[in-house]
Enquirer: 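Right, I'll just put the structure down here and ask away after.
Only heavy atoms go into these numbers, but all of them, side chains included; no hydrogens, no water, no symmetry mates. Here, residue 1 is the first one in the sequence, and each next residue gets the next number.
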Amino acid sequence: MAYASHLLNHSSKMRNASKLLQHERALLVRWFSGDAQSSLHRNRAMWQSQFHESSTRSGVFEPASSFTKRSFSVQKRNISMVTIKRGSIIGSGFNGEISRSQLLSRRCYASASDLPPHQEIGMPSLSPTMTEGNIARWLKKEGDKVSPGEVLCEVETDKATVEMECMEEGYLAKIIRGDGQKEIKVGEVIAITVEDEGDIVKFKDYQPSASEPSAPPAKETSAPPPPKKEVVEEPAREPEPKVSKPSAPPSSGDRIFASPLARKLAEEKNITASRLLLSKQTIPHYYLTVDTCVDKLMSLRTQLNSLQEASGGPRISVNDLVIKAAALALRKVPQCNGSWANDYIRQYHNVNINVAVQTDHGLFVPVVRDADKKGLSTIGEEVKQLAKKAKENSLKPQDYEGGTFTVSNLGGPFGVKHFCAIINPPQSGILAVGSAERRVIPGSGAEEFKFASFISVTLSCDHRVVDGAIGAEWLKAFKGYIENPESMLL
């Protein structure tokens with residue numbers, strides 16, 4: 001009780017705690033959850049000396065007489081005192097390691113030099129699979145004042161180009177990694193910011209430390225002597241005949257080097273493969289296939305493109321009509337427009353269609369938002385712009401996040417008749433579209449026949465969200481829009 005009341009008496013000096021918790025709560029959790037564990041019945045002289053030394057430096061706490069019968073010790077990382085100053089944490093006896101991948105920006109107080117308080121900005125982790133990134137360009141230069149929310153630089157990830165925003169107010173004192181720097185590991189220092197403008201010049205020749213301080217090695221404990229084993233005589237065995245094994249061919253000694261582009265493509269393929277493997281292992285897939293006639297769809301497309309050419313608008317593709325039909329079918333059967341959330345099903349009000357786009361940089365799935373509410377020309381223009389961004393590797397997170405359903409078309413560009421696509425998590429469905437083919441079908445008469453064009457589409461469903469009957473109902477609605485395309489214009 002005496003210790004608690006003593007802390008309450010000094011609460012007025014903790015007014016910056018909200019700012020501390022806002023920007024460095026991860027550090028607080030790490031220090032106070034496992035490292036600063038108090039234990040009683042320790043040496044009182046050690047407690048008083050450490051506490052008095054820390055309070056003399058910080059000026060925040062003073063030893064009280066009520067502490068004479070208590071002791072305090074810190075395990076693992078020897079934290080004897082923690083004080084709060086200007087929204088940061090200073091440990092007078094901190095010897096532990098702070099991971100930059102967790103704290104991408106942190107305050108540093110140099111004790112062995114004349115450097116003022118500063119903040120190291122690390123390469124952020126912009127996706128769960130990101131391990132390194134590239135600096136596309138800096139939008140701020142050294143000496144500029146920065147405020148929360150302002151964009152510092154553009155970071156290229158394995159899938160997109162993302163703007164990196166500033167978290168605190170200050171001045172950009174030093175840019176460690178400049179424009180065009182590539183293969184920067186997540187957490188590696190890329191810039192330094194300071195609070196006072198006069199401190200900028202002190203970081204002119206600053207270089208970050210090569211390595212982080214490591215935790216003290218654990219004391220080696222003498223292992224007990226191994227138990228004595230009883231010696232048991234084994235029966236004599238006949239010598240086995242020697243068999244000559246073929247020797248491996250000697251290596252030439254030449255080392256194969258991979259280019260940065262090859263390494264990046266391999267990393268992207270590994271990310272895609274792991275994501276697809278996770279989907280197949282955790283999502284109970286089932287597949288529904290129907291053949292739908294596209295003669296009326298092709299006729300309507302020809303008429304619409306004539307109007308587009310007369311007005312100078314972009315041409316409408318078959319894929320644009322498929323996206324529109326899929327979106328309207330989701331609006332008609334909303335049970336398919338949802339996702340599995342462990343203990344409940346989340347159903348979405350917006351119909352956002354991801355469109356699979358294959359590029360030299362890998363597979364991308366940009367999103368067309370509110371596709372059920374947009375016209376065919378608008379959908380076609382957005383798909384063209386998104387495909388162009390994907391091929392230029394300039395997609396931003398808002399260009400591919402937030403999709404509720406995916407359409408993958410391998411028929412038009414590749415001539416694939418039929419395939420089954422893997423669900424893009426956390427979505428619950430993906431439509432695989434094959435190529436159109438001419439077939440002979442019965443005519444109106446007894447012995448009459450005619451030609452018609454059909455496409456085969458396969459719906460992959462998550463059985464946790466979409467039952468078989470619901471999936472069949474969605475396919476029926478989709479087929480109705482494809483075979484009667486005028487209904488999409490109503």
Enquirer: Just to verify, what does I345 make a side chain to side chain contact (heavy atoms under 4.5 Å, CB included) with, not counting sequence neighbours?
Expert: W340, V465
Enquirer: Without swapping roles, check the side chain of S279 against the backbone of I422 for a donor-acceptor pair under 3.5 Å.
Expert: no
Enquirer: Grab the two heavy atoms, one from I323 and one from A371, that are nearest each other, plus how far apart they are.
Expert: CG2-CB, 4.3 Å
Enquirer: Could you tell me whether E163 and K396 have a side-chain N and a carboxylate O separated by less than 4.0 Å?
Expert: yes
Enquirer: Using modelled atom types and a 3.5 Å cut-off, is there a donor and acceptor pairing between side-chain atoms of K174 and backbone atoms of D205?
Expert: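 Checking the backbone N and O of D205 against the side chain of K174, no donor-acceptor pair under 3.5 Å is found.
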Enquirer: Show your reasoning for whether side-chain contact (heavy atoms from CB on, under 4.5 Å) applies to I353 and L330.
Expert: CA-CA 10 Å; I353 304 295; L330 286 172; 3.7 Å; yes
Enquirer: Tell me if a side-chain donor or acceptor on K324 pairs with a main-chain N or O of D372 at a distance below 3.5 Å.
Expert: yes
Enquirer: List in chain and number order the residues that pass side chain to side chain contact (heavy atoms under 4.5 Å, CB included) with Y348, two or more places apart in sequence or in another chain; answer none if no residue qualifies.
Expert: N337, S339, R346, T404
Enquirer: Verify whether one side chain among D462 and Q427 offers a donor that lies under 3.5 Å from an acceptor in the other.
Expert: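 The criterion, which ignores hydrogens and geometry beyond distance, is not satisfied for Q427 and D462.
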Enquirer: Within the side chain of H285, is there an N or O that forms a donor-acceptor pair under 3.5 Å with the backbone of C461?
Expert: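 Checking the backbone N and O of C461 against the side chain of H285, no donor-acceptor pair under 3.5 Å is found.
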Enquirer: Which salt bridge (charged side-chain N to carboxylate O under 4.0 Å, His left out) pairs, counting each pair once, include a residue from residues 385-395, with sequence neighbours left out?
Expert: K389-D399
Enquirer: Is a side-chain N or O of R301 found less than 3.5 angstrom from the main chain of I316, in a donor-acceptor match?
Expert: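 At least one qualifying donor-acceptor pair exists.
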Enquirer: Going by an N to O cut-off under 4.0 Å, is there a salt bridge joining E132 and K182?
Expert: no
Enquirer: If you compare all heavy atoms of T458 against all heavy atoms of C420, which two are closest, and at what distance to 0.1 Å?
Expert: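 So the two residues come closest at CG2-SG, 4.0 Å.
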Enquirer: Using modelled atom types only, decide if a donor and an acceptor are shared between the side chain of T282 and the backbone of L278 within a distance under 3.5 Å.
Expert: yes
Enquirer: Set out, in order, the CA-CA distance, both residues' side-chain angles and the distance that settles side-chain contact (heavy atoms from CB on, under 4.5 Å) for L139 and L152, then state yes or no.
Expert: CA-CA 5 Å; L139 302 181; L152 291 176; over 6 Å; no
Enquirer: Sequence neighbours left out, what pairs pass ring-ring contact (aromatic ring centres under 6.0 Å, His included) with at least one residue falling in residues 164-205?
Expert: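 Sorted result for residues 164-205: H118-F203, F203-Y206.
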Enquirer: For A136, does its backbone N or O pair with a side-chain atom of N134 as donor and acceptor, under 3.5 Å?
Expert: no
Enquirer: Just by modelled atom types, is the P314 backbone N or O under 3.5 Å from a matching donor or acceptor in the Q308 side chain?
Expert: yes
Enquirer: Determine whether Y400 and V355 make a side-chain contact, defined as any pair of heavy atoms from C-beta on separated by less than 4.5 Å.
Expert: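 The answer is no, as the side chains (C-beta and beyond) never meet within the 4.5 Å cut-off.
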Enquirer: Could you work out, with side chain to side chain donor-acceptor pair (under 3.5 Å) as the rule, every residue matching E142, not counting sequence neighbours?
Expert: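 Per chain and number, E142 pairs via side chain to side chain donor-acceptor pair (under 3.5 Å) with no residue.
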Enquirer: So, for F405 and A326, which heavy atoms are closest and what is the spacing to 0.1 Å?
Expert: CE2-CB, 4.5 Å
Enquirer: For F419 and F414, run side-chain contact (heavy atoms from CB on, under 4.5 Å): C-alpha distance rounded to whole Å, both residues' side-chain angles, the deciding distance at 0.1 Å, then the answer.
Expert: CA-CA 12 Å; F419 69 102; F414 302 102; over 6 Å; no
Enquirer: Is it true that a side-chain atom of R464 and a backbone atom of S428 form a donor plus acceptor pair closer than 3.5 Å?
Expert: no
Enquirer: Would you sort out whether R369 and E382 count as a salt bridge (charged side-chain N to carboxylate O under 4.0 Å, His left out), showing the intermediate values?
Expert: CA-CA 10 Å; R369 302 184 186 278; E382 286 191 16; over 6 Å; no
Enquirer: Taking salt bridge (charged side-chain N to carboxylate O under 4.0 Å, His left out) as the criterion, tell me which of E169, E195, E168, E197 meets it with K145.
Expert: E169
Enquirer: Taking all non-hydrogen atoms of both residues into account, name the closest pair between N424 and R275 and its distance.
Expert: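 In this case the closest contact between N424 and R275 is OD1-NH2, 3.3 Å.
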Enquirer: Go through it in stages, so that I can follow the logic: the residues are V383 and Q385, the test is side-chain contact (heavy atoms from CB on, under 4.5 Å), and I'd like the CA-CA distance, side-chain angles, deciding distance and then a yes or no.
Expert: CA-CA 6 Å; V383 170; Q385 293 297 327; over 6 Å; no
Enquirer: Name all residues meeting the salt bridge (charged side-chain N to carboxylate O under 4.0 Å, His left out) criterion together with K141; count only those two or more places apart in sequence or in a different chain, and write none if there are none.
Expert: D144
Enquirer: Which heavy atom of V367 sits nearest to which heavy atom of E401, and what is that distance?
Expert: CG1-O, 3.7 Å
Enquirer: Could you check whether any side-chain N or O of E150 sits under 3.5 Å from a backbone N or O of S147, counting only pairs where one atom can act as donor and the other as acceptor?
Expert: yes
